[in-house]
*Asks:* 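Quick one: the structure is below, and I'll ask about it shortly.
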Number of protein chains: 2
Amino acid sequence: MRDDDHTDGPDAAAGAAPGEGLDGASFDLSLLLPFQITQLSARLAAQARAILARHGELSLPQWRIIRVVAVGLSNRSTAIRKSAGIDKSQFSRTVNAMVDSGYVTLAPCSEDQRQFEIHLTDKAIAAHARLAPELAARQRHLLNALTPDQREMIFPAIHALARAAETIDFLDNIPDPKD
Amino acid sequence: MRDDDHTDGPDAAAGAAPGEGLDGASFDLSLLLPFQITQLSARLAAQARAILARHGELSLPQWRIIRVVAVGLSNRSTAIRKSAGIDKSQFSRTVNAMVDSGYVTLAPCSEDQRQFEIHLTDKAIAAHARLAPELAARQRHLLNALTPDQREMIFPAIHALARAAETIDFLDNIPDPKD
DNA sequence: CCATCAAGGTGGACATGTCAACCTTTTTCG
DNA sequence: CGAAAAAGGTTGACATGTCCACCTTGATGG
C-alpha cells in the first residue's frame, strides 16, 4: 500500500447486507460477457506472442500486417490497414518500423497518391513461412478445444456480438439523468 | 508514406501465383479465431468506454475494480486484483489513482501486512449506482443479439478457449528449427 | 529458530491501442 | 469548374497492458 491516505470508514453508505455487496444476490463475474471476452483476448494475445517469440522479433501488430500482405489480399495501404483492423495511427508507426527493420518496402501508389503499396521482403516471407504453420496449428488446437456444436456457432456468435457492440442505442430508454 | 525508402521489387520471392499470396487457396481472415476475438474485444471495450463516459470520469480498469468491490466479493487487495483479472503493476497504479480521485480508501490488512483493504467511498457507490443498471442493460442487449443456442454455449466455449490458450504444447510436434 | 523461498506491491521501461489535430489528396456536389 | 467535404497518413499525447527488478512480508522446511 502506498505510504499515506487510508482514511476511515468501511461499510460507509448504502444499506447493503454485509458480504453481499450492493447488488441483491450473489454476483458472478464469470457471467459477464464482455469481461470474459476481454480476458480471453488477453490470453490469446499472450499465446500468440509466445509463438512469435520462438522465431524472431516480430511483434503481434507487425505479424498481423505481414499476414494480410502474405495472403495476397492487397498491396494497397488502406486495404491492408482495414483488413488488419488496425488504427490509422498505429498502422503508420508499425509499417514504418517494419521498413526500418527490413521486413517490408514501400512504393508509391499510382491510382491514389495518398496511399502506398506495401511489399514483403525476403526476410518477411521467410518469417511468414516459419510462423504460418505454427499459427495454423494453433488455430486447429483452439478449434479442437471446442465441441462440434460450439465450433459451428462460434463465428456467427462473434459476428452477432460485434454488431451488437457497435451502438449504445439500447440505452435510449434509460436516459442519462444529467441530461 | 514516409519520405524515403521504398526500394524496388514487388513479387520478389516465393513462387506464388499472383493474386493468391503465399498460401495456396484464398484465405479468409474472418475464420481466424484469435483475430476475430481480439477485434470483438476492442469493440466491446469501446462500447463500455462510451457508456462510462456518459456518467463521469471513470476509466474502464477503474470501473472493473469498483465493480468487484461493490459486488462484495472481497475487500482484500489480492483477491480483488485476481477477480478483476488485472496485472499487479496496473492494479497498483489504478488503485492509487482512485485514492487520489476519491473513489476508494485504503486500510491496512490485519491478517496480511503485505496486502491492504479497499473500501468504496460514497462517490464510488454513487457512480456504481448510476453505471451498474446501464451496463446490465448492455449485457442483456448483447445476450439478446445471440440465438438461444448461442447463448447457451457461448460461456462454455469461452472457457474452453481460455484453457486452450494457456499452453503452446501443441507445437511439440513442430519443434523450432533453431533448436 | 533461522534460512529460504514464495507472495504481494511498487516503480521503471516499454509495447500496444486510442484519440485528436493537422496536412495532403481525392471525391462530391452545387 | 471550384468549393466543400471526405479519405488517407503522420505526429503528439495519452490510456491501457505487460514485463522485470526490487523490496517487504509471509510461509516452509531444515
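So that the names make sense, note that chain A is the first sequence line, chain B the second, and so on, each numbered from 1.
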*Asks:* Please report the C-alpha distance between B/Asp87 and B/Arg81 in whole Å, then the side-chain angles of each, then the deciding distance to 0.1 Å, and finally whether the side-chain contact (heavy atoms from CB on, under 4.5 Å) criterion is met.
*Replies:* CA-CA 7 Å; B/Asp87 173 81; B/Arg81 174 169 59 78; over 6 Å; no

*Asks:* For the pair made of CZ in B/Arg43 and C1' in C/dT18, what is the distance, rounded to whole Å?
*Replies:*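 Whole-Å distance recorded here is 15 Å.
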
*Asks:* Is there a donor-acceptor contact under 3.5 Å linking the side chains of A/Ser89 and A/Arg93?
*Replies:*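 Note: A/Ser89 and A/Arg93 side chains meet the donor-acceptor criterion.
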
*Asks:* Take atom CZ of B/Phe116 and atom C1' of D/dT25, then tell me their distance rounded to the nearest Å.
*Replies:*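 Rounding to the nearest Å, CZ of B/Phe116 and C1' of D/dT25 are 14 Å apart.
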
*Asks:* Rounded to whole Å, how long is the line connecting atom CZ of B/Arg114 with atom C1' of C/dG8?
*Replies:*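 Checked: the CZ to C1' distance equals 5 Å.
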
*Asks:* Between atom CE in B/Met98 and atom P in C/dG9, what is the gap in whole Å?
*Replies:*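 So the CE-P distance, B/Met98 to C/dG9, works out to 13 Å.
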
*Asks:* Send over the distance from B/Lys88 NZ to C/dA6 C1', rounded to a whole Å.
*Replies:*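 After rounding, the gap between these two atoms is 10 Å.
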
*Asks:* Would you tell me if any nitrogen or oxygen in the side chain of B/Gln90 comes within less than 4.0 Å of OP1 or OP2 on D/dT16?
*Replies:*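 Answer is no, no contact under 4.0 Å.
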
*Asks:* Is the shortest distance from a Lys or Arg side-chain nitrogen in A/Arg76 or A/Glu117 to a carboxylate oxygen in the other one below 4.0 Å?
*Replies:*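 Answer for the salt bridge query: no.
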
*Asks:* Looking only at side-chain atoms of B/Arg81, point me to the closest of D/dT18, C/dT25, C/dG8.
*Replies:*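 Nearest listed nucleotide: C/dG8.
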
*Asks:* Do any N or O atoms from the side chain of A/Gln47 and from the backbone of B/Ala164 form a donor-acceptor pair under 3.5 angstrom?
*Replies:*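 Checked: pair present.
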
*Asks:* Of B/Ser110 and A/Ser77, whose closest DNA chain D nucleotide lies nearer the 5' terminus?
*Replies:*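 Its nearest nucleotide being more 5', the pick is A/Ser77.
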
*Asks:* Rounded to whole Å, please give me the gap between CZ in B/Arg64 and C1' in D/dT16.
*Replies:*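 Spelled out: CZ on B/Arg64 to C1' on D/dT16 is 9 Å.
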
*Asks:* From D/dT18, C/dT25, D/dG9, pick the nucleotide closest to the side chain of A/Asp112?
*Replies:*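 Closest nucleotide to the A/Asp112 side chain: C/dT25.
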
*Asks:* With a 4.0 Å limit, can you tell me whether A/Thr78 has a side-chain N or O closer than that to the phosphate oxygens OP1/OP2 of D/dG9?
*Replies:*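 Answer yes for this pair, as a side-chain N or O of A/Thr78 is under 4.0 Å from OP1 or OP2.
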
*Asks:* Output one line per pair: protein atom, nucleotide atom from nucleotides 12-15 of chain D, and distance, for all N/O pairs under 3.5 Å.
*Replies:*
from: D/dG12; atom 1: N7; to: A/Arg93; atom 2: NH1; distance (Å): 3.0
from: D/dG12; atom 1: O6; to: A/Ser89; atom 2: OG; distance (Å): 3.1
from: D/dG12; atom 1: O6; to: A/Arg93; atom 2: NH2; distance (Å): 2.6
from: D/dA13; atom 1: N6; to: A/Arg93; atom 2: NH2; distance (Å): 3.1

*Asks:* Quick one: A/Ile86 CD1 to C/dT16 P, roughly how many Å, whole number?
*Replies:*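 In whole Å, C/dT16 P and A/Ile86 CD1 are 10 Å from each other.
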
*Asks:* Identify whether any heavy atom of A/Ala42 sits under 4.0 Å from a base atom; if not, whether one sits that close to sugar-phosphate; answer base, sugar-phosphate or nothing.
*Replies:*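 It contacts sugar-phosphate atoms only.
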
*Asks:* Ring of A/Phe35, cation from B/Arg67 - is the NZ or CZ under 6.0 Å from the centre and inside 45° of the axis?
*Replies:*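 Flagged: B/Arg67 positioned over aromatic ring of A/Phe35.
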
*Asks:* Could you check how far CG of B/Leu60 sits from C1' of C/dG17, rounded to whole Å?
*Replies:*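 Rounding to the nearest Å, CG of B/Leu60 and C1' of C/dG17 are 13 Å apart.
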
*Asks:* Nearest to the side chain of B/Ser92, heavy atoms from C-beta on, is which of D/dT16, C/dT10, C/dT24?
*Replies:*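 Comparing D/dT16, C/dT10, C/dT24 against the side chain of B/Ser92, the answer is C/dT10.
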
*Asks:* Residues in salt bridge (Lys or Arg N to Asp or Glu O under 4.0 Å) with B/Arg138, at least two apart?
*Replies:*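 Salt bridge (Lys or Arg N to Asp or Glu O under 4.0 Å) check on B/Arg138 returns nothing, list empty.
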
*Asks:* Compute whether any side-chain donor of one residue and acceptor of the other, for A/Gln36 and B/His159, lie under 3.5 angstrom apart.
*Replies:*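 Result is no, nothing qualifies.
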
